[in-house]
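Step one of this worksheet: look at the structure below.
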Amino acid sequence: MMNLLRLFSRKPMFSDGEIDLVLSNQEVADASCGIEDGYLFCIYRTGARDYVGYVSLRLGESPALYYLGHIGYRIEEKHRGHGYAEKACRCMLPLLRRLNLDSVVITANVENLPSRRTAEKLGCALERIAPVPPAYQGICAGARYKCRYIWRMGD
């Protein structure tokens, strides 16, 4: 599935008129974390080709993904405060629906208020604040707790 999509990697796969999502050539699959497949999109401002950050979709279920979540995003510091992470997630909705996903998990560090606000603006429900076991803190950049948000596709 990923190889076919690489053919279109130079053109935006999704856009809302303000940002474009361009499929990256990087692999998302990581058997050690239980990530069976996935997508990594570079976020650009439409027309400017100004790199804003990235958004990823990780497919699979595993103990590691419980703490990492299915969707991850990072916005470059100079582009923060414009809602680009939320917009990027919304741009992926057609893909999430095409993959027949009823819901996905987005996690955020407890102290990362902008990331938590992004999940809340998407309409995600806070499932719980989960303590991260020491065995998974390394893949969670040392986080001891993760907020687990559930984003239901019907919402």
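All figures in this text were calculated on a predicted structure; none of them were measured in a lab.
- With sequence neighbours left out, S56 forms a side chain to side chain donor-acceptor pair (under 3.5 Å) with no residue at all.
- Taking every heavy atom of both residues into account, M153 and L101 meet most closely at CG-O, 2.8 Å.
- Under a 3.5 Å cut-off, the side chain of Y73 and the backbone N or O of S115 do form a donor-acceptor pair.
- Residue pairs meeting the ring-ring contact (aromatic ring centres under 6.0 Å, His included) criterion with at least one member in residues 91-118, sequence neighbours excluded, do not occur.
- Sorted by first and then second residue, the pairs that involve residues 70-86 and meet salt bridge (charged side-chain N to carboxylate O under 4.0 Å, His left out), not counting sequence neighbours, are R74-E76, E86-R90.
- To the nearest 0.5 Å, atoms CZ (R98) and CG (L96) are separated by 10.0 Å.
- Closest non-hydrogen pair, A143 versus V132, comes out as O-CB, 3.5 Å.
- From I139, atom CD1 reaches atom CG of L65 across 7.5 Å, with rounding to the nearest 0.5 Å.
- Side chain of S24 to backbone of F41: no donor-acceptor contact under 3.5 angstrom is found.
- Counting all heavy atoms, side chain and backbone alike, T46 lies closest to S15 at OG1-OG, 3.7 Å.
- Put simply, the side chain of H70 gets close to the backbone of G60: a donor and an acceptor are under 3.5 Å apart.
- Here R128 pairs with Y66 under the side chain to side chain donor-acceptor pair (under 3.5 Å) rule; sequence neighbours left out.
- Considering only residues two or more places apart in sequence or on other chains, Q137 meets the side chain to side chain donor-acceptor pair (under 3.5 Å) condition with none of them.
- The side-chain heavy atoms of L93 and W151, taken from C-beta on, include a pair separated by under 4.5 Å.
- Counting heavy atoms from C-beta on, the side chains of Y145 and P131 come closer than 4.5 Å.
- Considering only residues two or more places apart in sequence or on other chains, S62 meets the side chain to side chain donor-acceptor pair (under 3.5 Å) condition with none of them.
- Between the side chain of R58 and the backbone N or O of L68, at least one donor-acceptor pair lies under 3.5 Å.
- Of the candidates L126, V105, I129, R148 forms a side-chain contact (heavy atoms from CB on, under 4.5 Å) with just one, namely V105.
- Each ring-ring contact (aromatic ring centres under 6.0 Å, His included) pair with one or both residues in residues 85-136, not counting sequence neighbours, appears once here: Y67-Y136.
- Every pair tested for salt bridge (charged side-chain N to carboxylate O under 4.0 Å, His left out) that includes a residue from residues 104-123 fails, sequence neighbours excluded, so the list is empty.
- Nearest approach of P94 to C91, heavy atoms of both residues: CD-O, 3.2 Å.
- Legend: residues meeting side-chain contact (heavy atoms from CB on, under 4.5 Å) with A48, ordered by chain and number and at least two apart, are R45, D50.
- Shown here are the ring-ring contact (aromatic ring centres under 6.0 Å, His included) partners of Y51, two or more places apart in sequence or in another chain: Y44.
- The minimum heavy-atom distance linking S103 with I150 is given by the pair CB-CG2, 4.0 Å.
- Partners of Y84 under the ring-ring contact (aromatic ring centres under 6.0 Å, His included) rule, at least two apart in sequence or in another chain, are H82.
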query: Can you check side-chain contact (heavy atoms from CB on, under 4.5 Å) on N109 and K146, steps first, answer last?
result: CA-CA 5 Å; N109 290 358; K146 284 287 191 174; 2.7 Å; yes
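- Judged as a ring-ring contact (aromatic ring centres under 6.0 Å, His included), not a single pair has a partner in residues 103-127 (not counting sequence neighbours).
- The structure places CG of D37 at 12.0 Å from CG of D30, a figure rounded to the nearest 0.5 Å.
- A88 and I19 make their closest contact through N-CD1, 3.4 Å (heavy atoms, listed as atom of the first residue, atom of the second, distance).
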field: Test side-chain contact (heavy atoms from CB on, under 4.5 Å) applied to Y39 and L21, step by step
entry: CA-CA 11 Å; Y39 304 86; L21 300 187; over 6 Å; no
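- The line from CD1 of I43 to SG of C89 is 8.0 Å long, rounded to the nearest 0.5 Å.
- Counting heavy atoms from C-beta on, the side chains of L57 and L99 come closer than 4.5 Å.
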field: Stepwise side-chain contact (heavy atoms from CB on, under 4.5 Å) check, M92 with I71
entry: CA-CA 10 Å; M92 286 196 312; I71 292 180; 3.9 Å; yes
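- Side-chain contact between L59 and V28 is absent, with no heavy atoms from C-beta onward closer than 4.5 Å.
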